[in-house]
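First the structure, in the form of structure tokens, and then the observations on it.
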Amino acid sequence: MSAVEYVQHNLEVLKSKIEDGMTIEAVQGDAVDLSEFADNTFDVTLVLGPLYHLYERDD
């Protein structure tokens with residue numbers, strides 16, 4: 001499982017919650033640009049929280 005977090009502080013909080021045995025890769029990134037992941041990497045993508053930082057319609 002992968003988790004992408006935009007804010008560095010929030011990423012550190014997230015990482016502190018990951019326990020031994022959990023298969024979660026937490027990375028800093030932007031939900032608008034997931035190019036670091038290969039196509040067809042995920043079956044499902046969840047966006048949790050508001051997308052208030054998206055200003056353009058295309059975003």
Side-chain angles (χ1 to χ4, degrees):
M1 178 185 307
S2 298
V4 178
E5 172 54 50
Y6 187 72
V7 178
Q8 181 64 37
H9 172 75
N10 295 347
L11 178 63
E12 296 306 321
V13 172
L14 172 59
K15 286 181 175 182
S16 74
K17 305 289 184 184
I18 298 173
E19 299 176 4
D20 289 339
M22 292 182 171
T23 56
I24 301 172
E25 176 191 10
V27 298
Q28 187 173 21
D30 188 337
V32 175
D33 178 12
L34 297 176
S35 60
E36 70 180 274
F37 300 102
D39 288 347
N40 300 313
T41 297
F42 306 106
D43 294 323
V44 175
T45 302
L46 300 175
V47 177
L48 305 174
L51 296 175
Y52 55 83
H53 61 281
L54 302 179
Y55 299 106
E56 302 296 324
R57 182 176 176 87
D58 290 342
D59 292 341

(request) Could you tell me which non-hydrogen atom of Glu5 sits nearest to which non-hydrogen atom of Leu11, and how far apart they are? (result)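 Answer, listing the atom of Glu5 first, then Leu11: CG-N, 3.5 Å.
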(request) Over all heavy atoms of both residues, which pair between Val4 and Leu34 is shortest? Give the atoms and the distance, please. (result)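 Taking Val4 first and Leu34 second, the nearest heavy atoms are CG2-CD2, 4.2 Å.
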(message) Using 0.5 Å steps for rounding, measure from the CD atom of Glu25 to the NZ atom of Lys15.
(response)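 Result: 9.0 Å between the selected atoms.
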(message) To the nearest 0.5 Å, what is the distance between NE2 on His9 and CG on Leu14?
(response)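 Atom-to-atom, His9:NE2 and Leu14:CG are 11.5 Å apart.
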(message) Can you tell me if Met1 has over 12 outside heavy atoms packed within less than 6.0 Å of its CE?
(response)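 No - once you tally the heavy atoms of other residues, nucleotides and ligands closer than 6.0 Å, there are 12 at most.
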(message) Within the supplied structure, the quantity of interest is the number of heavy atoms (other residues, nucleotides, ligands) at a distance under 6.0 Å from Gln8 CD; does it exceed 12?
(response)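 Yes, enclosed.
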(request) Examine distances only and state if a side-chain atom of Gln28 and a backbone atom of Tyr6 form a donor-acceptor pair shorter than 3.5 Å. (result)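 Flag set: sc Gln28 to bb Tyr6 pair under 3.5 Å.
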(request) Among Asp39, Val32, Asp33, find the residue that satisfies the side chain to side chain contact (heavy atoms under 4.5 Å, CB included) test when tested with Ser35. (result)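 Only match with Ser35 under side chain to side chain contact (heavy atoms under 4.5 Å, CB included): Asp33.
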(request) For the pair Val27 and Phe37, evaluate side chain to side chain contact (heavy atoms under 4.5 Å, CB included) and give the outcome as yes or no after the intermediate values. (result) CA-CA 11 Å; Val27 298; Phe37 300 102; 4.2 Å; yes
